[in-house]
Amino acid sequence: MQTECFRVLPGQDLAETIEDYCNQHHIQAAAIVACAGCLSHVRFRMADGETIHEKQVDAEIVSLSGTISEQGMHVRISVCDQNLQTFGGHLTSGCLVHTTAEIVLLHLKEWRLTRSPDPLTGYDELKAERIGE
């Protein structure tokens, strides 16, 4: 395992920039272990897989966690607005960075993360395989 650190710049899309970074650096399996930053626009998907919450708001990122693979990300985000109201959901494209987002990834080089349909949930769910076993 190794760590990766990078910054998402003002105006950049948080989800798209993380995915682009992983693609450019050939990261096939990773976990987000830290994020410090803020957003000017939030766009989250809820657990039903359909409902989107979107609004223009200055918000501090209070948590960002999840897994990343070549098949995409499964990441949750929570933010806090200026009234100290915390809300969040599934990270989607459309979350725009206000001043910065500092990302730390744990690059899981010995793992392959894939997703396949799960008849119990109706979603593509994680399948984690150790490479070489």
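Bear in mind the structure is a predicted one, so any value in this text is a computation, not a measurement. Heavy-atom basis, side chains included; hydrogens, waters and symmetry copies ignored.
Rounding to the nearest 0.5 Å places CD of Q12 at 13.5 Å from SG of C95. The CD atom of E129 sits 5.5 Å away from the OG1 atom of T114 when rounded to the nearest 0.5 Å. Expressed to the nearest 0.5 Å, how far CZ of F44 lies from OG1 of T92 amounts to 8.0 Å. In this structure, OG in S78 is found 13.5 Å from CD in E60, a value given to the nearest 0.5 Å. Rounding to the nearest 0.5 angstrom, the gap separating the CD atom in E4 from the CD1 atom in I27 is 4.0 Å. Distance check: C22 SG to E70 CD gives 10.5 Å after rounding to the nearest 0.5 Å.
Side-chain contact check for I103 versus L105: some heavy-atom pair is nearer than 4.5 Å. By the 4.5 Å heavy-atom criterion applied to side chains, R43 and D13 are not counted as neighbours. Inter-residue side-chain proximity for V8 and Y21 is flagged as unmet; no heavy-atom pair is nearer than 4.5 Å. Between I77 and L14 the shortest side-chain heavy-atom distance falls below 4.5 Å. L91 places a side-chain heavy atom less than 4.5 Å from the side chain of M73. With contacts defined as side-chain heavy-atom distances shorter than 4.5 Å, the pair V97/L39 qualifies. Contact check for F87 versus K55: side-chain heavy atoms found under the 4.5 Å cut-off. Taking the side chain as every heavy atom from C-beta outward, K109 and Q28 never approach each other to under 4.5 Å.
Although no hydrogens or angles enter the test, the distance criterion places a donor-acceptor pair under 3.5 Å between the side chain of Q71 and the main chain of R115. Listed for the N83 side chain is no donor-acceptor partner under 3.5 Å among the backbone atoms of Q85.
Cluster membership check: I61 shares its hydrophobic cluster with F6, using side-chain heavy-atom separations under 4.5 Å among Ile, Leu, Val, Met, Phe, Trp and Tyr.
Nearest heavy atoms, S69 versus L113: CB-O, 3.1 Å. Here the closest heavy-atom approach between residue S93 and residue E16 is recorded as CB-OE2, 3.3 Å.
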